[in-house]
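One structure is given here, and the rest of the page talks about it.
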Amino acid sequence: MKPRTLDHTDTLELPVTGDGPFNALHTFWKPSHYATGLEAHTQARSWRTFRIDDLVIGVRLRAEDRTVIADVYTDADFKSDHRQQLARRLVSSYGLDEDQAAFTELAARVPAMRQALTDLGGMRQSCPEDHFEIAVIALLLQNVTIARTTQMTRNLLVHYGHLVRFDGITLRAWFTPNEIAHVPPETLKEKDRLGFRAKSMPHYAAYFRDHSTEDLQAAGNLMEAVQEIKGVGPYTAAVIASHASRDPAVFGIDVWNRKILARCLLDADDAEPQTVMARLNELFPGYAGTAGLYLVEHSYLSRPVAPLLAPDQHALARWNASLEQEASA
DNA sequence: ACCCAGGAGTTCC
DNA sequence: GGAACTCATGGG
């Protein structure tokens with residue numbers, strides 16, 4: 001399948017206003033994140049797609065000192081309201097306005113965090129996904145291996161998402177709640193191989209179609225609110241709160257990061273989730289999520305799940321070909 | 001065959 | 001308020 005072409009329409013210069021150091025590479029690119037085709041990274045730049053209203057937007061990101069430069073690519077009318085929404089989204093997605101000093105100060109006093117802080121200091125939580133999109137990611141992580149999560153993600157994005165090309169790179173883009181709400185669970189199960197998650201997707205789509213990001217941010221208790229959705233439990237709710245709503249105190253524990261943290265904090269191969277969470281909260285009060293993020297990412301730094309792209313035309317051509325081929329299969 | 005994956009819902013006590 | 005099943009599916 002041929003990707004649709006997006007043209008350069010704007011450039012945003014976003015200052016990093018939060019205090020503390022800023023690590024652009026590890027803010028944009030997380031070594032533990034599995035491959036989705038929604039984003040690509042080299043040492044110096046990143047590419048990522050966003051949905052703003054019904055627009056599909058391509059963004060190329062780079063940083064000069066404490067300014068993030070975002071080149072914007074679209075194929076439709078990019079209004080000033082879209083520009084403002086995208087600017088807010090980028091600032092929020094990468095925590096450009098968040099203070100880092102309090103966590104850094106706390107973490108520097110914990111020996112188990114020392115090396116992670118040295119290697120990753122200035123890294124912020126990254127969540128280019130909106131609440132719906134991160135909820136779908138968490139849904140696809142439920143009780144499966146990453147290989148199957150990757151398979152399900154690819155199926156959904158190929159069948160219901162978009163394929164775009166801009167600045168020489170091909171990327172996938174998310175579907176909106178509206179674009180998947182009508183797909184019957186049988187199709188999601190049999191064609192997209194979602195298994196028991198197929199029943200949940202229509203509930204997710206309907207909920208996030210009917211509740212705007214502003215509504216969710218205004219919710220008194222987001223974790224409780226989203227657990228009203230069928231298929232959202234404590235883990236998925238925590239992922240939504242810690243990532244899309246960026247609550248630094250929340251950490252979604254699962255069988256994967258539980259073992260990582262047991263090794264870092266308890267000198268054990270594994271431990272009860274309550275034991276791990278108690279230790280995490282004890283060492284990093286108010287920053288369990290940020291601390292978990294640092295420890296997990298640090299454990300993948302030397303063996304990334306989806307490594308950086310080499311900054312040459314051949315690597316880019318291979319990347320583009322693999323996405324354009326899968327979309328036609 | 002059995003067990004486990006970057007969980008959640010239901011059904012028992 | 002928990003423990004114990006069940007839900008899909010692919011890989012070891």
Side-chain angles (χ1 to χ4, degrees), chain A residues 29-36 38-39 116 125-129 132-157 159 183-208 222-244 250-266 268-278 280 288-301 303-306 326:
Chain A
W29 171 68
K30 294 292 188 284
S32 85
H33 285 191
Y34 72 92
T36 62
L38 294 162
E39 57 190 38
Q125 175 71 278
S126 60
C127 187
E129 284 77 18
F132 169 64
E133 294 160 356
I134 200 66
V136 172
I137 295 276
L139 173 66
L140 300 183
L141 288 169
Q142 289 174 8
N143 202 47
V144 283
T145 56
I146 284 303
R148 242 181 75 58
T149 300
T150 305
Q151 173 200 26
M152 292 187 281
T153 304
R154 181 184 343 107
N155 289 344
L156 292 181
L157 291 175
H159 295 152
V183 179
E186 301 76 41
T187 305
L188 294 168
K189 185 174 166 189
E190 291 159 21
K191 183 179 174 199
D192 302 304
R193 312 306 296 157
L194 287 205
F196 60 80
R197 299 158 202 79
K199 297 189 294 290
S200 303
M201 181 66 80
H203 294 117
Y204 280 47
Y207 184 89
F208 290 102
L222 181 68
M223 296 256 281
E224 284 182 15
V226 295
Q227 287 185 70
E228 297 300 315
I229 309 166
K230 289 288 183 191
V232 175
Y235 171 71
T236 301
V239 170
I240 295 170
S242 66
H243 286 67
V250 174
F251 183 75
I253 190 162
D254 55 38
V255 299
W256 166 66
N257 56 39
R258 187 186 75 208
K259 293 173 185 171
I260 295 173
L261 295 185
R263 289 202 186 87
C264 294
L265 303 178
L266 300 167
D269 285 339
D270 201 353
E272 292 299 310
Q274 313 90 283
T275 310
V276 174
M277 286 309 299
L280 193 59
T290 312
L293 172 72
Y294 268 73
L295 293 174
V296 168
E297 293 310 326
H298 188 250
S299 79
Y300 274 86
L301 194 51
R303 46 173 183 119
V305 177
E326 279 174 11

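All heavy atoms count here, side chains included; hydrogens, waters and symmetry mates do not. Naming convention: chains lettered A, B, ... in sequence-line order (proteins, then strands); numbering from 1 in each chain.
- Only the P atoms considered, C:dC5 is 24 Å distant from B:dG6, to the nearest whole Å.
- Every side-chain contact (heavy atoms from CB on, under 4.5 Å) that A:E190 has, sequence neighbours left out, goes to A:E186.
- For A:S32, the side-chain contact (heavy atoms from CB on, under 4.5 Å) partners are A:W256, A:V296, A:E297, A:Y300, not counting sequence neighbours.
- Rounded to the nearest Å, the gap between the P atom of C:dA8 and that of B:dT11 is 15 Å.
- Within 4.0 Å of A:I260, counting heavy atoms only, lies no atom of the nucleic acid at all.
- Atom CD1 of A:I146 and atom P of C:dT9 are 18 Å apart (whole Å).
- Residues meeting the side-chain hydrogen bond (donor to acceptor under 3.5 Å, both in side chains) test with A:T153, sequence neighbours left out: A:Y34.
- Qualifying ring-ring contact (aromatic ring centres under 6.0 Å, His included) partners for A:Y207, counting only residues two or more places apart in sequence or in other chains: A:H211.
- The nearest whole Å value for the distance from the NZ atom in A:K191 to the C1' atom in C:dT9 is 19 Å.
- Looking at residues two or more places apart in sequence or on another chain, you find no ring-ring contact (aromatic ring centres under 6.0 Å, His included) involving A:Y204.
- Residues A:Y34 and A:K230 both approach DNA chain B. Their nearest nucleotides, taken by heavy-atom distance, put A:Y34 toward the 5′ side.
- Each of A:A147 and A:Q142 has a nearest nucleotide on DNA chain C; the 5'-most of these lies closest to A:Q142.
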Donor-acceptor contacts under 3.5 Å from residues 134-146 of chain A side chains, at least two apart:
from: A:Q142; atom 1: NE2; to: A:G231; atom 2: O; distance (Å): 3.1
from: A:Q142; atom 1: NE2; to: A:T236; atom 2: OG1; distance (Å): 2.9

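- In this structure, CG of A:L139 is placed 14 Å from P of C:dT9, rounded to the nearest angstrom.
- If you take CG of A:L140 and C1' of C:dT9, they are 13 Å apart, rounded to a whole angstrom.
- Residues that satisfy the side-chain contact (heavy atoms from CB on, under 4.5 Å) test with A:H203, not counting sequence neighbours, are A:I229, A:K230.
- Proximity of A:L38 to A:E133: side-chain heavy atoms (C-beta onward) are nowhere separated by under 4.5 Å.
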List, with names and distances, any nitrogen or oxygen atoms from the protein found under 3.5 Å away from nitrogen or oxygen atoms belonging to nucleotides 1-7 of chain C.
none

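- Applying the ring-ring contact (aromatic ring centres under 6.0 Å, His included) rule to A:F196 yields no partners; only residues at least two apart in sequence or on another chain are considered.
- Heavy atoms of A:R193 sit under 4.0 angstrom from primed sugar atoms or phosphate atoms, though from no base atom.
- Remark: the backbone N or O of A:M223 is paired with a side-chain donor or acceptor of A:Q227 at under 3.5 angstrom.
- For residues 232-242 of chain A, proximity to DNA chain B is found at A:V232, A:G233, A:P234, A:Y235, A:T236, defined as any non-hydrogen atom under 4.0 angstrom from a strand atom.
- Residue pairs meeting the salt bridge (charged side-chain N to carboxylate O under 4.0 Å, His left out) criterion with at least one partner in residues 251-262 of chain A, sequence neighbours excluded, are A:R258-A:D270.
- The nucleotide range of DNA chain B contacted by chain A, defined by atoms under 4.0 angstrom from heavy atoms of the protein and reported 5' to 3', is B:dA5 to B:dT10.
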